[in-house]
Protein chains: 2
Amino acid sequence: MPVTIRDVAKEAGVSTSTVSKVLNNWSSISPGTCDRVHEAIKKLHYTPNARAVSFAKGASHNILFLSSLKKEEAYRNPHMFDILCGVRRTLADNGYTLMLTDLPDTPGPQEYLTGLIVNGIADGILIHGSCSFPQLARLLTENRFPHIHIGHPGPGSRMCWIDTNNGLAGQFAAQHMLECGYEKVAFIGERKTDHISTQRLNGFLGGMYDYGYRIPDEYIRYTDSTREDACRQTHQLLSLPVPPRAIICENNMLALGVVKALREKQLHIPDETAFLTFDSYPYSSIIDPIPTVIDIDVYDLGVQAAEMLLRKLKNPSLLVQTYTTLPVLRQGQSTAPIH
Amino acid sequence: MPVTIRDVAKEAGVSTSTVSKVLNNWSSISPGTCDRVHEAIKKLHYTPNARAVSFAKGASHNILFLSSLKKEEAYRNPHMFDILCGVRRTLADNGYTLMLTDLPDTPGPQEYLTGLIVNGIADGILIHGSCSFPQLARLLTENRFPHIHIGHPGPGSRMCWIDTNNGLAGQFAAQHMLECGYEKVAFIGERKTDHISTQRLNGFLGGMYDYGYRIPDEYIRYTDSTREDACRQTHQLLSLPVPPRAIICENNMLALGVVKALREKQLHIPDETAFLTFDSYPYSSIIDPIPTVIDIDVYDLGVQAAEMLLRKLKNPSLLVQTYTTLPVLRQGQSTAPIH
DNA sequence: CTGAAAGCGCTTACAG
DNA sequence: CTGAAAGCGCTTACAG
C-alpha cells in the first residue's frame with residue numbers, strides 16, 4: 001500500500017538503484033535524471049521507509065540518551081532536561097533522532113545496556129551522570145561503543161566525558177566580588193562532601209588568591225543545604241569581629257537563607273552587605289533583591305555533548321575529556337561597585 | 001562480525017526459521033529444540049539486530065513523544081518532563097522505545113510531522129499540548145496514525161486525548177475548605193483567559209454551589225500572575241466589609257503573594273485566615289507555613305497516556321477522549337479545621 | 001514439529 | 001552516467 005522506491009523508479013522510468021542514488025545525492029547522476037526522479041517523488045508523495053534505510057545502511061542515525069527518569073525527577077533535576085533539549089536540538093540539526101532511556105533496577109543495568117549497545121538500535125550514547133554505574137566505563141570501551149559521559153566520571157576513567165566548569169564559575173565569582181571592591185568575602189556552601197560545591201569553593205579561593213587575597217577559614221561555611229542553616233551561618237558570619245562585606249551562596253536555597261539573615265540584621269543589600277549566588281534556578285526569580293548570579297548554560301552543555309558524540313561517530317578514536325560550557329555572570333541588585 | 005541468527009542456527013543444528021520461532025515464542029516448538037536454541041544463544045551471546053527485526057516485522061515498537069523542547073523549557077514547564085518520564089516507564093514496561101522530538105519552525109511543522117508518520121519510524125505518537133497546531137487533528141486522522149493528545153485539544157476535535165481533571169481539582173479545593181469549616185472562601189486566579197485557572201475556578205464554584213454556598217463576585221480575583229498583584233488583591237479582599245476566611249490560590253506564585261499580604265496584615269495562618277494552593281511545584285517547599293496543596297500527579301498522566309496509546313495500537317478504532325488523573329489533597333499547615 | 005524459500009525496502013559494489 | 005543483482009538479518013506463509 002505505501003509507495004516504495006520501486007513505484008518511484010517505474011514512474012520516473014529509471015531503475016531503483018538510480019532512485020536510491022538520487023536520494024543519497026550521488027554525484028554521478030545526470031541533472032536530467034535527477035529532476036525526473038524528484039518529480040516522481042513529489043508526484044507520488046514518496047517518503048523513504050526509515051526502517052528499511054537504517055537496516056540496509058547498517059546504521060540507525062539514532063542516539064540514545066541515558067539518564068534517570070524517575071517520578072518527579074523533572075522537579076528535582078530540571079537541569080538534566082535542559083541538557084536533553086540541547087542534545088535534541090543538535091541531533092535534529094544533523095539528521096539524527098534521539099531515544100530516551102533509563103536503567104532498569106531489576107534485570108541488572110549492565111545486561112540491559114549491553115543489549116541496547118549490541119542490538120544496533122543506536123549509533124552512540126550520551127550518558128548523564130545521574131545514571132552512571134561502576135562497570136559502565138569498561139562496558140563502553142570493551143564494546144567500542146561511541147559515547148560521551150555528561151559530567152566528570154571520576155579520576156582515571158577511560159570514558160569520554162564533558163562537564164561544566166564549576167571551578168571557573170568560582171573564579172568568576174571571586175573576580176566579580178573584587179571588581180565590585182569587596183575584599184572580605186565569605187562562602188556558604190553545601191555539605192563538605194558535595195562535589196559541585198567543593199569545585200566552586202576551590203575556584204573561588206583560587207581566584208581570590210590570584211589577586212593576592214587569602215580567605216580566612218571562618219569565612220568558609222558548610223551547611224546541610226537548608227535555608228535555616230544558611231540563615232544561621234550568616235548570623236554567625238555577621239557576628240565575627242570582622243564580618244564579611246559580601247557572601248557567596250553556593251545555591252539558590254542558601255541564598256534565601258542569607259537574605260533572611262541580612263533582613264533580620266537590617267543590613268542593606270548591597271550597600272552594607274552584598275551577596276551573589278550560583279545558578280538562576282529555581283528561586284532566583286523570587287529572591288528580593290534580584291540576585292547577581294553566576295549561571296551555567298546547561299542547554300549548551302547538551303549541545304556540545306551531542307556535537308562531540310557526532311564527531312566521535314566519524315572518528316571513533318577521538319578521546320574527549322574536557323571541561324566546557326563557560327559560566328556567565330548575570331548582574332543583579334545584590335552586588336554593586338563600591339564608590 | 002556480529003553474531004546473527006544463522007550462527008545460532010548452525011550452533012544449535014536447526015534452521016534459522018526455527019531460531020526465529022524460538023525467539024518469538026511460537027508454541028509449536030518442541031521443548032528440546034527450544035532448549036538447544038537457547039543454549040546456543042547464550043553460548044554465542046546472541047542479541048537480535050533490532051533494525052532487522054523492525055524491518056522484517058514492519059513495526060518499529062517505537063513511540064514518538066512530540067513536545068516543545070526549547071531552551072529552558074525544563075524550567076518553565078517541568079510538568080511536561082514528568083509526564084514524559086511516566087510515558088517512558090510504561091513504554092519500557094511494554095517493550096517499546098521512546099523517541100523524543102519537537103516541531104521545527106522553518107520547513108513547516110506539517111511537512112515534518114507527516115514525514116515522521118509516513119516513514120514508519122514509530123508506531124504511534126503522543127503529542128503534548130505545548131506542541132499542538134491547527135491542522136494537527138486532520139493530519140493524524142487522515143493518516144490514521146495512532147495518537148494521544150495530552151491535554152484537551154479544544155472543543156469538537158476528532159483527536160484522541162486525555163487530560164487532567166482541573167475542574168475536579170477545584171471541587172476538591174471547595175470540599176476541603178468546607179470540611180475545615182470555612183464558608184467564606186475567595187479565589188485568586190491567573191488572567192481571566194487562562195484555561196487551567198478557569199477550570200479550577202469553575203470546579204471550585206460548582207463544588208461550593210453543590211453544598212449550597214454561592215461565592216460573591218468580589219471574592220473572585222484575577223491577576224497578572226505576579227506575586228505583587230496577588231499581594232495587592234489579597235489586601236483588597238481583606239479590606240472588604242466581609243473579608244474571606246480562606247483563600248484559594250491558583251498557583252504557587254500567587255500563594256507567595258497571598259502569604260506576604262497576610263503577614264503584612266499580621267493575620268495568623270490558618271487561625272485567622274487560611275489558604276490553599278494548587279500544585280506543589282515550584283515553590284510549595286519554601287512557602288512558610290507549608291501550604292495545603294491540591295496536587296495533580298502528572299507522571300501518572302504520562303503513564304495513562306502511554307497505556308491508552310498502546311491499547312489503541314491493538315485496537316485502532318478505539319476513541320479515547322477522557323479526563324483522567326485524579327487530584328490529590330496534601331494537607332499542610334495553611335488550613336485546619338475550625339473547632 | 002521443522003525447514004526451504006520468499007520477502008520486507010532499501011543500498012552498494014560491480015559491470016557496462 | 002545507469003542498471004542488474006546480491007545482500008542487509010530477520011519473519012512468515014507454506015509445504016512436509
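The analysis underlying the following values was restricted to heavy atoms, covering all of them including side chains, and did not include hydrogens, waters or symmetry mates. Chain letters run A, B, ... following the sequence lines, proteins first, then strands; residues in each count from 1.
Between B/S68 and B/D102, the side chains place no donor N or O within less than 3.5 Å of an acceptor N or O (distance only, hydrogens not considered). Judged purely by distance below 3.5 Å, without hydrogens or angles, the side chains of B/T97 and B/N62 pair a donor atom with an acceptor atom.
Nucleotide D/dA13: unpaired (no Watson-Crick or G-U wobble partner with both distances less than 3.5 Å). Of the nucleotides present, none pairs with D/dA4 by Watson-Crick or G-U wobble criteria with both distances under 3.5 Å.
The salt bridge (charged side-chain N to carboxylate O under 4.0 Å, His left out) analysis of residues 43-71 of chain A, with sequence neighbours excluded, yields the pairs A/E11-A/K43, A/K71-B/D297.
The separation between A/R6 atom CZ and C/dT11 atom C1' is 15 Å, rounded to whole Å. Taking atom CZ on B/R51 and atom P on C/dG9, their separation rounds to 18 Å, with Å as the unit. Distance CD1 (B/I121) to C1' (C/dG9): 15 Å, rounded to an integer number of Å. Rounded to an integer number of Å, the gap from B/I41 CD1 to D/dG9 C1' is 14 Å. C/dC1 atom P lies 13 Å from atom CZ of B/R36, rounded to whole Å. Atom C1' of nucleotide C/dG9 and atom CG of A/D7 are separated by 11 Å, given to the nearest angstrom.
Nucleic acid contact class of A/S20 (heavy atoms, under 4.0 Å, all strands): base.
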Under 3.5 Å between N/O atoms: give me all the protein pairs with nucleotides 13-16 of chain C, atom names plus distance.
none

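A 6.0 Å sphere centred on CZ of B/R76 holds more than 12 heavy atoms belonging to other residues, nucleotides or ligands.
One finds the CG atom of A/N77 at 7.5 Å from the CD1 atom of A/I83 (value rounded to the nearest 0.5 Å).
At least one side-chain nitrogen or oxygen of A/N24 sits closer than 4.0 Å to the OP1 or OP2 atom of C/dT11. A close approach under 4.0 Å does not occur between any side-chain nitrogen or oxygen of A/S28 and OP1 or OP2 of D/dC1. For B/Y46, a side-chain nitrogen or oxygen approaches OP1 or OP2 of D/dC10 to under 4.0 Å. An OP1 or OP2 oxygen of C/dC1 is reached within less than 4.0 angstrom by no side-chain nitrogen or oxygen of B/S30.
DNA chain C is contacted by both A/V3 and B/T16; B/T16 maps to the nucleotide lying nearer its 5′ end (nearest heavy atom per residue).
Tested against B/L66, the residues B/L116, B/L113, B/L100 include a single side-chain contact (heavy atoms from CB on, under 4.5 Å) partner, B/L113.
In terms of modelled atom types and a separation under 3.5 Å, the side chain of A/H147 and the main chain of A/C160 share a donor-acceptor contact. The backbone N or O of A/M159 lies less than 3.5 Å from a partner atom in the side chain of A/Q321, making a donor-acceptor pair.
Proximity of residues 52-63 of chain B to DNA chain D (heavy atom under 4.0 angstrom from any strand atom) is restricted to B/A52, B/V53, B/F55, B/A56, B/K57.
For B/E39 and B/R36, the salt-bridge test fails: no basic side-chain N is under 4.0 Å from an acidic carboxylate O.
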